[in-house]
Amino acid sequence: MIDLIAIALAAGATQAPAQAVVVAADMDAIEAYEHGFAYNVMRTPDDDAVMLEDMVLIESDGPGAGESEKGTWTEEICEGVLARKTFRLEDPSAFEAHLVLYMTPMSEDRDEQEPFFAVVNGRRVPGPELSWHEEMWHWVPVPVEALRAGENQVIVGCDAPRGQGYELMIARADEYEGGGGAQRAGLNTALVSAGQLGREEAGARPQLEAIDVGAHSAKSVDGGETWVTGRLGTTDDVVGEYTIRLNLRRHKPRGALLSPPIDLWDGLDGQERIKPRCSVSDLKLLCLGDAPEGTSLTWQVRFADTADMTSEQWGAFRTVGSGEGLAAPVAHQGKRYLQWRAELTTSEPLKTPRVRGVKVVRRLTFTPPARRFYVWDYENVRHRYSSIRFHYEDPGHPRLRELRERLNLDEVIAGATGDWDRINRVRHHVSQLWHHDRPTPDYPEWDALEILDRRDRVGKGGMCIQFSIVFIQSLLSLGYQARHINVFAHETVEVYVDELGRWVHVDPESLFDSYQYHTATGMPVSCLEQHRYFLQESGLSAEDPIDWQATEPWARWGHEGTFVSAPVPLDFSTFTGWINDPDKPDYPPQHQLAGFMRMMPRNNYFSRPFPRPLCQGTTNWPWNGYLNWYDRATPRKLQYALHTDREADFYPTLNRVQFDAVHGEREGGILIRMFTFAPNFDGFEINVDGAGWRNSPAQFTWSTRPSALNTLEMRAKNRLGPPGKPSRLQVMVHHKEPFSPRPEDW
């Protein structure tokens, strides 16, 4: 469809005089939060500002938590046997406090299970009833006034006889190295295990603290008369830490909100897609927020000539002022793009500053272009960047090539019609490599070749997580980006499909071998889209959110008894009939597994085998390096430290060209600048007027033809094969020759 946007209004050979206009760009804090970078900040409850995150998790067991094959990893809590954990708090202030324990009830009948109790600094607190969702995770409300500055002592016990109490998880000291090491940052191990120590933290990198594993956990077998450390577990020989955590709802001390790049040349009506060159002057920043006593807001800016937020062209931030309301002139540095940052700090954990928005005002001086251009087709992307550092596999790693050859993947995809066909051929191929089975003993690492070796050795490759790892690394060997996703009781995969330009949830498990798609559009869906369908089908919302500790079901799997508030227009594409088998109506379709979703923030398992969770999937995910999704209907789980409700953190833009177009100094010339975020980047290609794809520098001048329809396509090359989905600019150029009288004798 013809857009009919007039890019230049002047015609003929005479250049139009320069013009000057004052323009302003308003950006509220929520737009900056969704499209920029966010560190230790979150939306306010009324969703009209951004504030400091209001949850702090204190734990020292995350790296080693899980089922261990090295020996005992549980403590039986029963009559006479107590577990003790100590926490040191500089400031005990909190709106709410919870103990979070991983303890599996031992009674076969949950109605007969004896409750446990906790004693916090001498105050006895009853344990809650068992959760319907995850009966091994217990959130114990603790009176905030029971906490104190300094050392806090927590004792957990149960009056049930031996064999009828609880099995409390122990993180063994000899398992810490593989899960992230014996160190923490910011009161827990999440940033270390998730590889986030390099991310920006409002100008301050968190300090590492060594964990003296075993020093904070002790047990008593005589009802608390005496205590021992370093001799935990049912075998009395385990050095480790109990999986007992302390969650405080209070604000973090500092955070930062960074805007997406603001194009200072924006704001000229009718010239949004191809811009004239502009000169910027009288630049002002108008900042709005709230800073109660004990808190502060600091406002900063930086400049670059690119909208690529990962570019090294961006200089250091410099402070322009502080306070709730700021109107400050800014010295323009001759650059086209501006990015602002708000630093939020508090010295009182029960108070937070709030960022509301920023207005950028400036004067633009420009000369309208002499020709008349019309944009007829325009496909450009606005890159989304994750605030969570995702570590991508090295495309040149030799084990990728070895896996590709071992599984004959080139033969598997031979004759495929495109990316989506190749991905699904690989999906089906992986699903047939073995039958689902528990991967113990001899649990394999996150290495497809090791998993295949185990299959060849014992005849079984493992369960859903092993299928997912083999699928992920198979796709990586072919040049596709894929990452691990964990949903309800299941491990699966999301893959970036270049020809679709989107992330899609694909399940390679032998029992599933499928994906879901929207019946109205035929578009395969992501895990987040499935999650939202789950909420819709279950009648869950911001007004009626999930209660993770509820004792009764809030959603039901299967066709019978499912709460349905609206139709869910999803269907399957699958190579197996098992999912849609009418003889198995109680097993859920994919979107009902997506009631909660988390991911590993990396796929470089060949390059960096560690850190990783211990025996992933054999226990209910006690590792603390996952990135966990939350929203208004899906509250945060208190056992984890890393959460996000930013789509950009889960779904960054990959392998797409974002470009800007500016009228050149010569008539008909358009300066094109391209950038991309592509893990396997191998340069740019352009296709001019259908002449075929050829290599191109990131910046070039496109010489358009007069009196013609001009078409430019741009894409990113992939080192291992599949190129990115093209971006496109199509321009009709109208040409006017200067008037020339006819010869008199013509």
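Positions are given from 1, in the same order as the sequence printed here. In this text, all values refer to a predicted model and were calculated from it rather than measured experimentally.
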Which pair of non-hydrogen atoms, one from [X] and one from [Y], has the smallest distance, and what is that distance?
| X | Y | answer |
| --- | --- | --- |
| Glu379 | Lys725 | OE2-CE, 3.5 Å |
| Val493 | Ala482 | CG1-CB, 4.0 Å |
| Arg502 | Val525 | NH1-CA, 3.9 Å |

- Verify side chain to side chain donor-acceptor pair (under 3.5 Å) between Asp419 and Tyr496, making sure each step is shown before the conclusion. CA-CA 10 Å; Asp419 296 331; Tyr496 190 82; over 6 Å; no
Those residues that, when tested against [X], pass side-chain hydrogen bond (donor to acceptor under 3.5 Å, both in side chains) (two or more places apart):
| X | value |
| --- | --- |
| Thr676 | none |
| Asn624 | Glu59 |
| Arg457 | Asp442 |
| Tyr605 | none |

Would you kindly say whether [X] and [Y] are connected by a side-chain donor-acceptor distance under 3.5 Å?
| X | Y | answer |
| --- | --- | --- |
| Gln313 | Asp305 | no |
| Tyr378 | Asn380 | yes |
| Ser259 | Gln339 | no |
| Asp308 | Tyr385 | yes |
| Thr440 | Arg438 | yes |
| His484 | Tyr626 | no |

- State the CG-CZ distance between Asn604 and Arg483, to the nearest 0.5 angstrom.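 Rounded to the nearest 0.5 Å, the CG-CZ separation comes out at 14.0 Å.
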Do [X] and [Y] have side chains that approach each other closer than 4.5 Å (heavy atoms only, starting at C-beta)?
| X | Y | result |
| --- | --- | --- |
| Ser193 | Trp623 | yes |
| Ser68 | Leu614 | yes |
| Glu494 | Tyr651 | yes |

- Message: Are Phe681 and Phe675 an aromatic pair, judged by ring center distance below 6.0 Å?
- Response: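 They do not qualify: ring centres at least 6.0 Å apart.
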- Pair Trp420 + Tyr515: ring centers closer than 6.0 Å: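 Yes - the distance between ring centres of Trp420 and Tyr515 falls below the 6.0 Å cut-off.
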Partners meeting side-chain contact (heavy atoms from CB on, under 4.5 Å) with [X] (sequence neighbours left out):
| X | result |
| --- | --- |
| Ser477 | Leu400, Arg404, Leu409 |
| Pro723 | Arg715 |
| Asn620 | Tyr102, Glu134, Met136, Trp137 |
| Glu34 | Ile30, Arg43 |

- Donor-acceptor contact present, side-chain Asp689 to main-chain Ala691, <3.5 Å: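 Checked: no pair found.
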- Task: Kindly write out the residues that satisfy salt bridge (charged side-chain N to carboxylate O under 4.0 Å, His left out) with Glu713, not counting sequence neighbours, or none if the list is empty.
- Result: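 Scan of Glu713 (salt bridge (charged side-chain N to carboxylate O under 4.0 Å, His left out), adjacent residues dropped) gives Arg728.
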- Task: Report the residues that fulfil salt bridge (charged side-chain N to carboxylate O under 4.0 Å, His left out) with Asp682, sequence neighbours left out, ordered by chain and then residue number.
- Result: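 Not a single residue meets the salt bridge (charged side-chain N to carboxylate O under 4.0 Å, His left out) criterion with Asp682.
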Distance-only criterion, 3.5 Å: show the donor-acceptor pairs between side-chain atoms of residues 696-703 and protein atoms not counting sequence neighbours.
none

- Partner set under ring pair (Phe, Tyr, Trp, His ring centres under 6.0 Å) for His429, not counting sequence neighbours: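 His429 satisfies ring pair (Phe, Tyr, Trp, His ring centres under 6.0 Å) with no other residue.
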- Any ion pair linking Asp453 and Arg406 (charged N to carboxylate O, less than 4.0 Å)?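 Looking at Asp453 together with Arg406, the answer is yes, because their closest N to O distance falls below 4.0 Å.
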- Message: For His490, run the ring pair (Phe, Tyr, Trp, His ring centres under 6.0 Å) check against Trp621, Phe467, Phe512 and tell me which one passes.
- Response: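 Checked Trp621, Phe467, Phe512 against His490; only one passes ring pair (Phe, Tyr, Trp, His ring centres under 6.0 Å): Phe512.
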